[in-house]
Every structure is written in structure tokens, then in C-alpha cells.
Amino acid sequence: MKIQSIRGVKDIMPGETEKWQWVERKANIIFSRYGFNEIRPPIFEKTKLFTRGIGEATDIVEKEMYTFEDRSGEKVTLRPEGTASVVRAFIEHKMYASKALQKLYYIGPMFRYERPQAGRFRQFYQIGVEAMGSHNPAIDAEVMIMLMDFFHTLGLKGLKLQINSLGCCECRPAYREILKKAIHSQLSCLCKNCNQRYQRNPMRILDCKIKSCQDIAVNLPKTTDNLCHECDVHFKEVQSLLDTTKVLYDIDFMLVRGLDYYTHTAFEVTSSQLGAQNAICGGGRYNTLVEEFEGPATPCFGFALGLERLISIVPFSNPNDYEKKTDIYIIYLGANLKVKAFDLAHLLRAGSLSVEIDYDGGSIKSQMRKADKSASRYALIFGENEIKSGNYQLKDMNSGKQIIIPANSCVEEIFKLLNP
Ligand SMILES: [Zn+2]
Ligand SMILES: [Zn+2]
């Protein structure tokens, strides 16, 4: 019986991986420009990290985690998201001790047992950013600007940045009551889910995806009209900093984000290239999470985005950016020249050229065909005749032009020509 991959996971194959690497490289470049450093936490953690970090009563924790007992009987979970691990590492390594703002990002796989459907995988990849240790609204603005910078570098078009303020522990409870009062008389018109949300978390009614609920939600009191003074000042500064850099945004008071731990600024970026579920990235400020893990009070701002979704809308309009190219394809004729060819390949690679070679030989025709297929820039050809004459053939695979280069200085000649 053939063994196949697990349902809901997929291989990222050569041809595709080059695109992934390019996107990841761009993330590395742009994020480090803003002073962010990569952190690589493990992909599995103690289960309680996630039950506490994400919340017991969420779909992720209740239905979607890959949890198992290891050989010592410890309950461990494949990470369903990245923030909890980063917060754990932040506390474990006492990163707060330096008092400096810690700017971190991660790239890697996450695991959720979800119903397989188009574009959803049980192992999926995320890029996440966490700025830890500052409540300054400039951080909110800077991280969002960095994200838009990253997206533009990838060539994305039709993006929209939407922001909102969710208030804080001072003003949110009062806003919730105002909201509940406004909703009360319309409860029978709201969907079943929203009726449950009404008790547990009425703010979630604002982002219900059902049309009849949305029609009611648009007329409900706005968070931004019910902020305390501090939240109001914070949110206004975020906006004015975005204005300064001419990064466009809309205020969307129906944007509340799924997780309870968000406070103050929340945001989402949507793309016109995606369908109904058009969000490409979401994030915001979470000021209490580090304390919930028994670390010192540490205000944070962060986001996470799904790489599968992102890569599906990157235009990849310039193949030269990411496609692998072979510089030289070595074609040798006669088994006795194998060692010579082998050595040449090694010397050329040492000079940072990419070199391919077919050790199974074959006719010049069949080797030429392979050189063509590898999209090689040049083919270096030699057989008994070339060895005797002391001159190799170098063929430009694009123009078809063939030149002669002396065998004894062939490596230097090729370096001169290709300038690696
Ligand atoms: Zn407030
Ligand atoms: Zn609803």
C-alpha cells in the first residue's frame, strides 16, 4: 500500500518554494530595516500554554489543536499560532530585564485541525510580528506602516488598511453596557450566534458575517465615540502618524478582532484580489497578555498573516527575482573525462557560479537537451578533440553563439565572462 500525506496538509514543491523563499527574504529585509529580529520558538509547547494564552472557550482550543501525550506522559500541543510561544520565550529569557523595546518576528508552520477546504490547511504557515514593551502609539503606527511597506515590496495592489480602537479595561466595560442596551430590543432579529455573543462578548456582534446582523450592527454605538480620554488621545496619535507618512487607512468601527486580549488599536488589511473572506492580515495591541503569563506588565503590538493566502495574491511579475538559474551546464563526451568535468564543476562552484552536470553522459544531443531544460546560460562542452586541441567550446544558450576558450585558463575565462 502506498503511503500518502495526511489529509489537509500539502507539500510545497520545487517551482513553488522559490516563490516562498523570495517572500520570506523580503520579510527579512523589510523587518530588519525597522529593527525587528527573528525569533524561532519550537513548534510544540506544553498544552497549557495555548489553553491559557488563547482562551479555553475558543474554537481553536476546543476543537482544533493537535494535542498528544509524549512518552513521559506530558501533554504537548503543536502550536496553533505564534504569539503564545513568543510571550513565553519573552518571559523565560527575561527579555523584559533590558527595559528596551523588543522587536520580534517569526516565520513558520502552525497546526490546526480544521475542516479541509480550499486554501485551508492543517499545517499552514504564518509570519508574525510582536513589538513588546512600549505603549507608545508610534509603535502601533510604525508596525502597520512596516506591514504595508512589506506588502508593497511584494507588488500587492488593491489593499486597504482598516483600523479601530477597542478601548481599554477602563472604558470597554462601560461601552459594552451601552452596546447591550442598544442591542436589547433587537435581539430577536439577530442570529443564534449573536444571541450567545450578547451575553458573553457583545462586541463580537459587530463583526458577525450575517447580513441581517450587519444591518443592525452599522447603527449601533461606536467604540470610537465611547473611548476614555487616554484611549482617545492614543488613537488620534496613531491616525496622525499614519497621515504623516501618507499611509492610507479607513476607520472601521465594526472591526473588533476575534481574540479577547486586544485593547486599543486593532487593524486589518484586506485585498480586493480575495473573495468574501478578504482579510490578508490582522493584528493590534495586546497590553495584558504578558501579565496573564505571570510576566511583568508589558504592552505589546503585533500581527500575524497567513503565507498561503499572501502568496496566492503576490503577482511574482519578475521571474528573475526568484527563479533559480543555472550558470554553466558542463557537457563532457567520453567516460574518461568524468573526473575532469567533476573537478571543473567544483572550481566553478567555488567561484559562486551555479553549475549542473550529467554524470550519466549520453550523446551530445541528449546532453544539450538537458542543458536547455535547465535554463542554463552557458554550456561548456569538451570531448577528446577539445582535450587534444587545448580549447573548449562555450555556448551561449540564448543566442546560440559558440566561442572557444583555452582549456588551461577556462575557469578564469568563465569568471571574467560571467563576473560572479
Ligand atoms: Zn480606554
Ligand atoms: Zn449574527
Side-chain angles (χ1 to χ4, degrees), residues 57-60 62-63 131 133-141 143-144 162-242 251-268 270 275-279 282-292 297-302:
T58 55
D59 274 3
I60 298 177
E62 279 178 354
K63 301 174 203 154
S134 171
H135 185 55
N136 201 310
I139 298 301
D140 307 30
V143 171
M144 290 188 282
Q162 275 149 328
I163 65 172
N164 191 21
S165 175
L166 305 181
C168 64
C169 57
E170 294 294 318
C171 54
R172 193 144 69 181
Y175 170 66
R176 258 187 214 179
E177 289 315 307
I178 291 168
L179 198 57
K180 276 176 108 167
K181 232 181 234 157
I183 293 167
H184 190 75
S185 62
Q186 307 174 79
L187 262 179
S188 58
C189 306
L190 293 170
C191 75
K192 211 174 107 211
N193 272 339
C194 282
N195 271 273
Q196 282 167 0
R197 287 170 182 145
Y198 179 76
Q199 291 306 334
R200 278 210 320 252
N201 188 354
M203 282 171 75
R204 292 296 317 266
I205 293 173
L206 293 169
D207 77 345
C208 182
K209 298 286 171 263
I210 291 168
K211 175 86 174 59
S212 51
C213 295
Q214 284 177 349
D215 290 343
I216 292 169
V218 281
N219 296 314
L220 291 172
K222 301 176 173 156
T223 47
T224 46
D225 293 334
N226 292 280
L227 297 173
C228 64
H229 178 68
E230 195 255 306
C231 283
D232 192 44
V233 169
H234 187 104
F235 194 47
K236 289 213 168 93
E237 188 173 339
V238 170
Q239 291 170 62
S240 83
L241 289 169
L242 289 173
I251 295 171
D252 177 4
F253 82 97
M254 280 156 85
L255 174 74
V256 297
R257 307 287 306 145
L259 300 169
D260 287 348
Y261 58 65
Y262 285 108
T263 55
H264 298 84
T265 317
F267 75 96
E268 214 165 74
T270 57
Q277 297 271 320
N278 60 358
R285 186 161 272 290
Y286 56 99
N287 283 351
T288 55
L289 194 62
V290 178
E291 271 174 287
E292 276 162 41
T298 308
C300 302
F301 191 91

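Just so we're clear, the structure is a prediction, and the values are computed from it rather than from any experiment. Counting starts at 1 for both ligands and their atoms, in listed order.
Within the 3.5 Å criterion, the main-chain N or O of L187 finds a donor-acceptor partner in the side chain of N195. Side-chain atoms of N226 come within 3.5 Å of backbone atoms of K222 as a donor-acceptor pair (strictly under, hydrogens ignored). Side chain of T223 to main chain of S165: a donor-acceptor pair is present (N/O by atom type, distance under 3.5 Å, no hydrogens or angles).
Around the Zn ion (ligand 1), the angle linking C228 (SG) with C231 (SG) is 110°, rounded to 10 degrees. Geometry note: the Zn ion (ligand 2) is the vertex, C191 SG and C208 SG are the arms, and the angle is 120° (rounded to 10 degrees).
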* Walk me through it: do Y286 and H264 pass the test side-chain hydrogen bond (donor to acceptor under 3.5 Å, both in side chains)? => CA-CA 8 Å; Y286 56 99; H264 298 84; over 6 Å; no
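Residue C168 counts as close to the Zn ion (ligand 1), with an N, O or S atom under 2.8 Å. At a threshold of 2.8 Å, the Zn ion (ligand 1) has no backbone or side-chain N, O or S atom of H264 nearer than that distance. Not a single N, O or S atom of C169, from either the backbone or the side chain, sits less than 2.8 Å from the Zn ion (ligand 1).
Counting heavy atoms from C-beta on, the side chains of F267 and F301 come closer than 4.5 Å.
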